[in-house]
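Please read all numbers here as calculations on a predicted model, not as lab measurements.
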Amino acid sequence: GISVGGLPDGIVDTDMLAAEAATDAKRGPGSILQMAFDSDSTQVSFANTNYTDTGLSITFTPKRADSTLYITATYNMYSAGNGSYHGDMKAKILHDGSTVGEEQEHYSPLNDRWSGFQPMTGTVSAGSTSSRVIKVQVKDPDTNGNAAHYNLYTGNSTLTVMEIGA
């Protein structure tokens, strides 16, 4: 039966709650308010000392200005040296044009190659509920006959943005 003061423990389950009953404010600090994901398998070979956009890009609109955006990217890279120079590749995450966290740089030996998936993560304060673009860029910092490739050999790179409640 029902006791004085409310319902007994365990009687209310998720099927009894109205849709959207657990609002962002009720979820509490540290809860994920929303998430966005992008993947890209486009292969790109480049010899450009300027940063170039990859196919990883998310237009994201935070629900709350006081939240934190946790951004993670995993990208497939390949670099090869040419005997005289190391292979080299750099990557970074951009949030509305500003670098998030640190740029990543990967070298290969002089007469060898290096390939694999590399993770990058960073956080930024949402600051507002305005839409913004979050993306990944890559470059070959020196074009001395070495090779740099993004998503070579059927790589699939990813970008994830999670909005975390304050």
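A 4.5 Å side-chain heavy-atom check between L56 and K135 finds every atom pair outside the cut-off. Taking the side chain as every heavy atom from C-beta outward, V136 and K92 never approach each other to under 4.5 Å. Between Y150 and M77, the closest side-chain pair of non-hydrogen atoms is not below 4.5 Å. Taking 4.5 Å as the limit, some side-chain heavy atom of T99 sits within range of a side-chain heavy atom of L94. Residues I164 and L33 are not in side-chain contact: their nearest non-hydrogen atoms beyond the backbone lie 4.5 Å or more apart. With a 4.5 Å cut-off on side-chain heavy atoms, E163 and R64 count as touching. Side-chain contact between T158 and F37: present, with at least one pair of heavy atoms (C-beta onward) separated by less than 4.5 Å. No side-chain heavy atom of Q137 sits less than 4.5 Å from a side-chain heavy atom of I93.
Scanning all heavy atoms of the two residues, the minimum distance from V100 to I71 falls at CG2-CD1, 4.2 Å. Between V138 and A91, the shortest heavy-atom contact is CG1-CB, 3.9 Å.
Note: L69 CG to M162 CE = 10.5 Å, rounded to the nearest 0.5 Å. A distance of 8.0 Å separates OG of S128 from CG of D96, quoted to the nearest 0.5 Å. The CG atom of D40 lies 11.0 Å from the CG atom of D53; values are rounded to the nearest 0.5 Å. Atoms NE2 and OG1, from H95 and T123 in turn, are 10.5 Å apart once rounded to the nearest 0.5 Å.
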### Task
Kindly indicate, with the supporting measurements, whether the criterion side-chain contact (heavy atoms from CB on, under 4.5 Å) is fulfilled by I134 and S57.
CA-CA 6 Å; I134 299 166; S57 182; over 6 Å; no
### Candidate pair N151 and S41, rule side-chain hydrogen bond (donor to acceptor under 3.5 Å, both in side chains), full reasoning
CA-CA 6 Å; N151 280 341; S41 60; over 6 Å; no
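One hydrophobic cluster, built from ILVMFWY side chains closer than 4.5 Å, holds both M89 and V44. Placement of Y70 and V124 in two distinct hydrophobic clusters is found when ILVMFWY residues are connected by side-chain heavy-atom separations under 4.5 Å, directly or transitively.
Take I58 and apply the side-chain contact (heavy atoms from CB on, under 4.5 Å) test, not counting sequence neighbours, and it matches A36, D38, F60, L159, V161.
The cationic group of K90 does not satisfy the cation-pi geometry with Y51, failing either the under 6.0 Å distance to the six-membered ring centre or the 45° limit from the ring axis.
Under the 3.5 Å distance criterion, the side-chain polar atoms of S157 are matched with a main-chain donor or acceptor of N76. Judged purely by atom type and a 3.5 angstrom limit, R132 uses its side chain to pair as donor or acceptor with the backbone of A126.
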